Number of protein chains: 2
Amino acid sequence: MAQAQALSRNQQIVLNIIEKAKGPLKAYSILFNVQKKGINAPQQIYRALDKLIEMGKIHKIESKNAFVACRSSDCEISKATAFSICESCETVDEISDTKLSKYLSGFNHKKGMKFKRFNLEFFGICKKCKKD
Amino acid sequence: MAQAQALSRNQQIVLNIIEKAKGPLKAYSILFNVQKKGINAPQQIYRALDKLIEMGKIHKIESKNAFVACRSSDCEISKATAFSICESCETVDEISDTKLSKYLSGFNHKKGMKFKRFNLEFFGICKKCKKD
DNA sequence: TAAAAAGTGTTATATTATAACAAACGTTAT
DNA sequence: ATAACGTTTGTTATAATATAACACTTTTTA
Ligand SMILES: [Zn+2]
Ligand SMILES: [Zn+2]
Ligand SMILES: [Zn+2]
Ligand SMILES: [Zn+2]
């Protein structure tokens with residue numbers, strides 16, 4: 001069993017903020033939130049984000065350039081991610097659906113390319129927003 | 001049958017460049033390529049790109065901030081897109097697989113959100129790059 | 001033909017992300 | 001312990017991506 005990787009100081013600070021957040025956070029919004037902790041430059045944020053993504057602790061929502069904490073425990077490496085995104089309130093949920101994940105992981109392209117990783121983003125209007 | 005929408009001058013110029021390209025193009029690379037045609041500002045590019053996306057003529061590859069022409073004729077509105085992306089040579093192919101598309105269009109989130117649209121990006125190493 | 005809608009040109013600015021370099025820190029191997 | 005190595009940090013600067021705002025023109029619709 002691979003030893004769970006320890007987080008460095010900056011990585012831990014950034015992860016804490018993302019985990020506490022209700023929704024996806026942008027890099028610069030994270031930056032503004034940690035200036036009191038002595039982190040002053042974008043680089044410091046982006047470096048932490050890169051490592052956290054590698055470790056599977058967070059994911060990037062590509063369509064929003066924003067970052068969310070991983071909630072699904074089994075994506076230790078971010079190689080099969082799926083999200084549901086509300087176009088009205090911007091809520092993002094990580095979808096962990098075994099069938100979906102298996103279906104896509106097993107998907108083979110006609111042109112013979114073997115996939116290592118995928119990212120899927122669904123868009124719609126969430127239940128809560130539909131009521132309004 | 002809905003009348004195919006005519007393109008404005010700038011939209012046509014931008015679309016031509018993207019269609020001629022072998023791979024995804026970035027907005028500013030498009031801009032540099034059309035300065036001889038009198039287009040000088042990012043806004044003009046982004047406005048054209050936005051409309052072309054709405055019409056389904058092009059798609060944005062979110063993980064690369066780049067744009068490709070639609071090759072699959074049946075996505076008149078870009079509501080169900082899937083791409084295969086080589087992490088080595090950066091080649092991008094639009095996947096038009098009816099089964100995949102149906103499977104995903106019919107996918108329903110546990111939380112009851114009805115999806116209007118999705119975008120799927122697969123990553124791997126293409127056949128050609130594997131040989132090297 | 002007047003009003004409305006879509007498109008254009010332009011300047012300025014906001015937002016997102018990386019380059020490059022020197023110093024500090026944490027491991028491991030003599 | 002200490003040298004050597006890789007990783008993390010701090011910092012300044014800059015690159016790349018994208019939008020705001022405003023005045024004007026063209027096209028469509030009524
Ligand atoms: Zn996850
Ligand atoms: Zn919502
Ligand atoms: Zn298409
Ligand atoms: Zn390749």
Side-chain angles (χ1 to χ4, degrees), chain A residues 2-18 21 23-55 57-68 78 87 90 92 119 121, chain B residues 2-18 21 23-68 77 85 87 90 92 119 121:
Chain A
Q3 171 87 16
Q5 176 143 16
L7 299 180
S8 77
R9 178 186 141 83
N10 287 1
Q11 287 160 13
Q12 189 63 64
I13 291 171
V14 169
L15 180 57
N16 285 346
I17 300 244
I18 297 177
L25 289 184
K26 304 246 181 185
Y28 275 77
S29 127
I30 296 169
L31 176 56
F32 297 140
N33 274 283
V34 298
Q35 293 195 315
K36 54 198 168 223
K37 305 225 173 184
I39 297 181
N40 304 297
Q43 267 290 3
Q44 298 174 279
I45 303 299
Y46 282 104
R47 283 197 289 227
L49 291 172
D50 287 348
K51 292 295 177 181
L52 292 168
I53 288 170
E54 269 181 29
M55 296 176 201
K57 300 276 186 190
I58 64 170
H59 304 300
K60 180 172 185 181
I61 307 300
E62 294 287 357
S63 61
K64 300 173 83 70
N65 298 317
F67 304 85
V68 294
S78 310
E87 286 175 313
E90 315 263 285
V92 172
N119 180 55
E121 298 180 5
Chain B
Q3 171 87 17
Q5 175 143 17
L7 299 180
S8 76
R9 177 185 142 81
N10 287 1
Q11 287 160 13
Q12 189 63 65
I13 291 171
V14 169
L15 179 57
N16 285 345
I17 302 244
I18 297 177
L25 289 183
K26 303 244 181 186
Y28 276 75
S29 127
I30 296 169
L31 176 57
F32 298 141
N33 274 283
V34 299
Q35 294 194 315
K36 53 199 170 223
K37 306 225 171 182
I39 297 182
N40 304 298
Q43 265 293 1
Q44 296 173 281
I45 303 298
Y46 282 104
R47 282 197 288 228
L49 290 172
D50 286 348
K51 292 296 177 182
L52 291 168
I53 288 170
E54 270 182 30
M55 295 175 199
K57 300 274 186 191
I58 65 171
H59 304 299
K60 180 171 187 181
I61 308 300
E62 294 286 358
S63 60
K64 301 173 82 70
N65 298 317
F67 304 85
V68 294
I77 312 139
I85 301 169
E87 284 175 315
E90 315 265 283
V92 171
N119 180 57
E121 299 181 5

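Just so you know, these numbers come straight off a predicted model, no measurement behind them. Per chain, numbering begins at 1; letters A, B, ... match sequence-line order. Side chains are part of it too, since the values below use all heavy atoms of this structure and drop only hydrogens, waters and symmetry mates.
Rounded to an integer number of Å, the gap from NZ of A:Lys51 to C1' of D:dT7 is 7 Å. Spacing between atom CD of A:Glu54 and atom P of D:dT7 amounts to 10 Å, rounded to whole angstrom units. Between A:Glu62 atom CD and D:dA18 atom P the separation is 12 Å, expressed in whole Å.
Taken over five-pair windows at either terminus, the axes of the helix from C:dT1-D:dA30 to C:dT30-D:dA1 are inclined to one another by 40° (rounded to 10 degrees).
One distance of note links CG of A:Asn16 with CG of A:Leu7; it measures 9.0 Å at 0.5 Å rounding. Note that the CD atom of B:Gln44 and the CD1 atom of B:Ile30 stand 13.0 Å from one another [nearest 0.5 Å]. Taken to the nearest 0.5 Å, the CG atom of A:Leu52 stands 11.5 Å off from the NE2 atom of A:His59. Rounded to the nearest 0.5 Å, atoms CG (B:Leu25) and CG (B:Asn65) are 13.0 Å apart.
Contacts of A:Lys60 with the nucleic acid, taken as non-hydrogen atoms under 4.0 Å apart, involve only primed sugar atoms and P, OP1 or OP2.
A donor and an acceptor atom, one from each side chain of A:Ser63 and B:Glu62, are nowhere located under 3.5 Å apart. Checking A:Asn119 against A:Glu121 by side-chain atom types alone, a donor-acceptor pair falls below 3.5 Å.
The backbone N or O of B:Lys51 sits nowhere less than 3.5 Å from a side-chain atom of B:Glu54 that would complete a donor-acceptor pair.
Scanning residues 25-35 of chain A for heavy-atom distances under 4.0 Å to DNA chain C yields A:Lys26, A:Tyr28. Remark: B:Asn40, B:Ala41, B:Gln43, B:Gln44, B:Arg47 in residues 37-48 of chain B come within less than 4.0 Å of DNA chain C through at least one heavy atom.
Here the side chains of A:Arg47 and A:Asn10 are not in contact, with every heavy-atom distance at 4.5 Å or above. Contact check for A:Leu49 versus A:Ile18: side-chain heavy atoms found under the 4.5 Å cut-off. B:Phe67 has its side chain within reach of B:Ile53: a pair of non-hydrogen atoms, C-beta onward, lies under 4.5 Å apart. Using a 4.5 Å cut-off on side-chain heavy atoms (C-beta onward), A:Pro42 and A:Tyr28 make contact.
For A:Asn65 and D:dT17, the shortest distance from a side-chain N or O to OP1 or OP2 is not below 4.0 Å. OP1 or OP2 of D:dT7 has not a single side-chain nitrogen or oxygen of A:Ser8 nearer than 4.0 Å.
The salt bridge (Lys or Arg N to Asp or Glu O under 4.0 Å) test applied to A:Lys64 returns A:Glu90, not counting sequence neighbours.
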Interface polar pairs with nucleotides 27-30 of chain D, N/O, under 3.5 angstrom:
none

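Nearest heavy-atom pair, B:Leu31 versus B:Ile39, reported as atom, atom and distance to 0.1 Å: CD1-O, 3.9 Å. Shortest non-hydrogen contact noted between A:Ala27 and A:Ile45 is O-CG2, 3.8 Å. For the residue pair B:Pro24 and B:Val92, the shortest heavy atom distance occurs at CG-CG2, 3.6 Å.
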Exercise for the section: Show the numbers, then the answer: is there a side chain to side chain contact (heavy atoms under 4.5 Å, CB included) between B:Lys57 and B:Gln11? Expected result: CA-CA 10 Å; B:Lys57 300 274 186 191; B:Gln11 287 160 13; over 6 Å; no

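Read 5' to 3', the first and last nucleotides of DNA chain C with an atom closer than 4.0 Å to a heavy atom of chain B are C:dG7 to C:dT11.
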